[in-house]
Amino acid sequence: MESLLSGLNPEQKKAANRLLGPVLVLAGAGSGKTRTLTYRTANLIDKGVNPENILTLTFTNKAANNMKEKIAELIGSEKANKIWMGTFHSIGLRILRANLNSIGYRNNVSIYDSADSESLLKSIITDPRIEISKKEYPPARMLSLISEMKNELIRPDEAKQFMKKNYAQTTYDPRRIVQIYKKYEELKKKYNAFDFGDLILMPVYLFKYNPKVLKFYQKKFQYVQIDEYQDSNTAQYVFSKMLSKPQNNIMVVGDDDQAIYGFRGADFRNILNFSEDFEDVFEVKLEKNYRSTKSIVNTANDLIKHNKVRKGKKSYTDNEEGKDIKIASTANNEKEGKFVVKEIQNLVNNKGFKYKDITILYRVNAQSLYIEKHLKSKSIPYEIIGAANFFDRKECQMFLNLLKFSLNPLDDLNIGLIIGYYKNNLGATTIKKLKQYSDENNIGLLETMREAHKVNGIGKKRNKYIQNFLENYLLPMEELRKEDLSLKTIINEVKNISQVERLINQMKNSDDRRENFNQLLGFIEEIIEKHEDFSLEELLEHIKLNAGQSVIDEDKSEDDNKIKLMTVHSSKGLEFPVVFVMGLEEKTFPHSFAVNSENKLAIEEERRLAYVAFTRAEKRLYLTYAKYRTKYGGGSFTTRSRFIDELLA
DNA sequence: ACTTCTTCGCTTTTT
DNA sequence: GCGAAGAAGT
Ligand SMILES: Nc1ncnc2c1ncn2[C@@H]1O[C@H](COP(=O)(O)OP(=O)(O)OP(=O)(O)O)[C@@H](O)[C@H]1O
């Protein structure tokens, strides 16, 4: 059926029609790579491939949802919903869930986000029994080390070598790092929890040690497709390669000029070497940009040509010339903010744009503050994407952790946090004592609490508090899991038993917090409505793995007409009629980290980031900078970003 | 154990 | 110039 692919140009069609063998689409921004992948998936199914045999890996879960919707339009939602589509992390988790026994886990796992992982590391490092200084081994740094190792598939046994090789000139003692990493893994497993890195690393080792399991998934996933392949890291590379064997029906799509996740271990050589990595690769080049005006495409090309390490691809457009891009020099960040606001008002009042057509991009999340107050003062509706997540607020966190407890009472880290929410004369010291006892006797914290009278240093009085806490809160919530209740009922019961609303009322700013909490309940209700078959585990996973992005599907209602603010990283793969890129100054964009770096390639990654920013725009692109910028109360004069100089040269 | 005061450091980006 | 983490007080 040729008409299915009528939305593609001849080159795109070639890729979408090549159903067998390795396929590489290496092409510039806005050339329709994602679109081609979408249509190809529909084509596969149309040609009789069972959707359950297709694995499509996307960079965000939001991108997966968009793609699924589009495929549903093409071939119907029943089939579209059966495709295994999502991020490496969510697909990895799905595989782990089906194989918990093989890896020594029990049902109902917790997913640890960075904050959870960091508190576990903190509790390990500050454990009085092992003398590790928190100053010398800061938990946040330890977490980034461990994630880095996991991205490289390094486990505690190989950590020593890794440290010697990569961190020889630091003060870290490799043996200490191994000790911390080992303990972290041990406790995480005891708590029946996965961190983000596990979601890719553990399936890889599962496959390695269980050839039967690997075979099962290789057979299942006859077709593997990966979007944004330039930003895959070692673990992801190995994971997808393993699954694509032996049939090698793998299609990867990406743009080396848009590789911006090096900090997460991504390596764009994965895409540049793809042709050598697989045999008989079918290569498709897409050169025509469908997204942007000529002036935007030309500007982006003029910038990225300054990078030395790149494949070098053509990119042109048949779209209109469009308005010249606007480079705005302002005296200071106040004036910069005012300029942007004024321009937004002009676009909306006189040029026929809507607020929702407009997006402001910046290098780091904190930059949102520079513009937010100006938007507020002119009552321009806006939404900040990413960064401080709604679900990370204390009141949301509390309730989500309480729900998590009713799901996975083995998670002692979580129990520790929960005890802290209640000011019931049980504090950090008591929790530490209990945890130590749990550790030494190799039992769970819940069990330790039951026999707390045996714990050294817990007196009669303290034991009484502990027993009360168990009886009033923890045990009744733990019971829920065994009762086969509906998700809605569980949520209600947890709310009632925990008296979370009372806790919120006792906090400062309780009015705001109560409102947030009610909003949380509303969100949860919406999610349950949309996914009727969700279990509690799936609900919590949905919230964790979609953090930052719209967990709740975007309102298509009136109050959705808002301008969006986000980092350039978050804008990957998206497009907007109007884009403002703010703060184009040396040490802001490019970031000071890259400017001061010994590594010359660091600036190239910043330039790619700018390239991504510029190429998000369809019609209008504004680049702004301030000659003076306030920061930390002080302030200083700035130098215009080299990226602007390069455009003007 | 909980509350209030003082100091510090902030230098990225996300699943 | 602000929020988190530590120190000191109750
Ligand atoms: N053949 C085509 N006909 C009409 N529109 C197209 C065609 N190809 C792509 N487009 C449109 O161009 C825009 C960019 O496409 P898409 O997002 O797939 O590009 P991409 O290469 O994945 O971009 P990027 O790498 O910048 O994220 C989309 O709005 C898409 O619908």
Side-chain angles (χ1 to χ4, degrees), chain A residues 57-64 86-93 111-118 122 126 134-135 138-140 143-144 147-148 150-151 194-201 228 231-233 235-236 259-266 361-369 385-389 392 394 419-420 422-433 459 461-462 465 506 508 541-549 551 566-573 583 586-597 602 605-606 608-610 612-613 630-635:
Chain A
L57 297 158
T58 57
F59 202 75
T60 63
N61 281 310
K62 190 179 172 194
T87 57
F88 279 92
H89 293 88
S90 56
I91 297 292
L93 175 58
I111 309 296
Y112 282 0
D113 61 20
S114 316
D116 298 323
S117 298
E118 197 179 320
K122 190 173 166 190
T126 58
K134 213 171 82 185
K135 282 246 148 45
L143 176 59
S144 73
S147 322
E148 190 186 335
K150 289 193 174 189
N151 288 336
F194 295 132
D195 67 13
F196 282 136
D198 290 340
L199 303 183
I200 302 166
L201 174 138
E228 308 279 12
D231 274 322
S232 57
N233 62 35
Q236 294 169 328
I260 55 174
Y261 278 83
F263 71 90
R264 205 166 84 178
L361 299 178
Y362 36 72
R363 179 63 181 82
V364 299
N365 282 304
Q367 282 174 260
S368 65
L369 293 171
I385 314 274
N389 192 278
D392 287 339
K394 181 85 194 274
I419 296 172
Y422 294 80
K423 279 155 194 146
N424 276 3
N425 300 310
L426 299 174
T429 320
T430 305
I431 295 170
K432 240 181 199 142
K433 279 180 195 152
K461 206 161 136 197
R462 198 72 44 198
Y465 293 132
Q506 288 165 356
K508 290 188 231 173
E541 169 201 329
H542 183 81
I543 291 171
K544 278 275 169 177
L545 293 190
N546 284 274
Q549 285 162 11
V551 176
M566 67 183 90
T567 62
V568 183
H569 284 91
S570 311
S571 76
K572 186 182 171 94
E586 289 290 296
K587 301 196 175 182
T588 297
F589 197 174
H591 195 273
S592 59
F593 214 80
V595 173
N596 300 330
S597 169
E605 178 128 334
E606 295 288 314
R608 289 192 290 271
L609 197 54
V612 169
T630 52
K631 210 177 193 182
Y632 310 139

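By convention in this document, chain letters (A, B, ...) are assigned in the order of the sequence lines, proteins followed by strands, and residues within each chain are numbered from 1.
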key: Partner residues of Asp231(A) under the salt bridge (charged side-chain N to carboxylate O under 4.0 Å, His left out) criterion, sequence neighbours left out   = Lys572(A)
task = For Glu148(A), enumerate each residue passing the salt bridge (charged side-chain N to carboxylate O under 4.0 Å, His left out) test, keeping only those at least two apart in sequence or located in another chain.
result = none
What is the distance from [atom1] of [X] to [atom2] of [N], rounded to the nearest Å?
X         : N       : atom1 : atom2 : answer
Arg264(A) : dT15(B) : CZ    : P     : 7 Å
Glu148(A) : dT15(B) : CD    : P     : 19 Å
Ile91(A)  : dT15(B) : CD1   : P     : 16 Å
Gln367(A) : dT13(B) : CD    : C1'   : 11 Å
Leu361(A) : dT12(B) : CG    : C1'   : 15 Å
Leu143(A) : dT15(B) : CG    : C1'   : 12 Å
Asn151(A) : dT15(B) : CG    : P     : 14 Å
Asp113(A) : dT15(B) : CG    : P     : 12 Å

[X]: what forms a ring-ring contact (aromatic ring centres under 6.0 Å, His included) with it, not counting sequence neighbours?
X         : value
Tyr422(A) : Phe469(A), Tyr473(A)
His569(A) : Tyr261(A), Phe263(A)
Tyr112(A) : none
Phe593(A) : none

Would you classify [X] as touching base, sugar-phosphate or nothing, given that sugar-phosphate means primed atoms plus P, OP1 and OP2, and contacts are heavy atoms under 4.0 Å?
X         : result
Arg608(A) : nothing
Tyr261(A) : sugar-phosphate
Thr630(A) : nothing
Ser147(A) : nothing

No-hydrogen, no-angle side-chain donor-acceptor test under 3.5 Å, Thr567(A) and Ser570(A) = yes
query = Cut-off 3.5 Å, side chains only: do Asp195(A) and Ser117(A) have a donor facing an acceptor?
reply = no
Heavy atoms from C-beta onward define the side chain here; which of [options] lies closest to that of [X]?
X         : options                   : value
Arg363(A) : dT15(B), dT12(B), dT14(B) : dT12(B)
His569(A) : dT12(B), dT14(B), dA1(B)  : dT14(B)
Asn365(A) : dT15(B), dT14(B), dA1(B)  : dT14(B)

inquiry  = Stacking between dT13(B) and Phe263(A), yes or no? Criterion: centroid separation under 5.5 angstrom, plane angle under 30 degrees.
reply    = yes
key: Charged N-O contact under 4.0 Å between Glu605(A) and Arg608(A)   = yes
note = side chain to side chain donor-acceptor pair (under 3.5 Å) filter on Asn425(A), not counting sequence neighbours, yields Tyr465(A)
task = Summarise how protein sits on nucleotides 2-11 of chain B as a single string, 5' to 3': B when a protein heavy atom is under 4.0 Å from the base, S for sugar-phosphate-only contact, - for no contact.
result = SS------BB
request  = For Thr567(A) and for Thr429(A), locate the closest nucleotide of DNA chain B by heavy-atom distance; then report the residue assigned to the nucleotide nearer the 5' terminus.
outcome  = Thr429(A)
query = Thr430(A) or Glu606(A): which one's nearest nucleotide on DNA chain B is closer to the 5' end?
reply = Thr430(A)
task = Could you give the distance separating dA4(C) and dT13(B) at their P atoms, to the nearest angstrom?
result = 16 Å
inquiry  = Reading DNA chain C in the 5' to 3' direction, which nucleotide is the first one with an atom under 4.0 Å from a heavy atom of chain A, and which is the last?
reply    = dG1(C) to dG6(C)
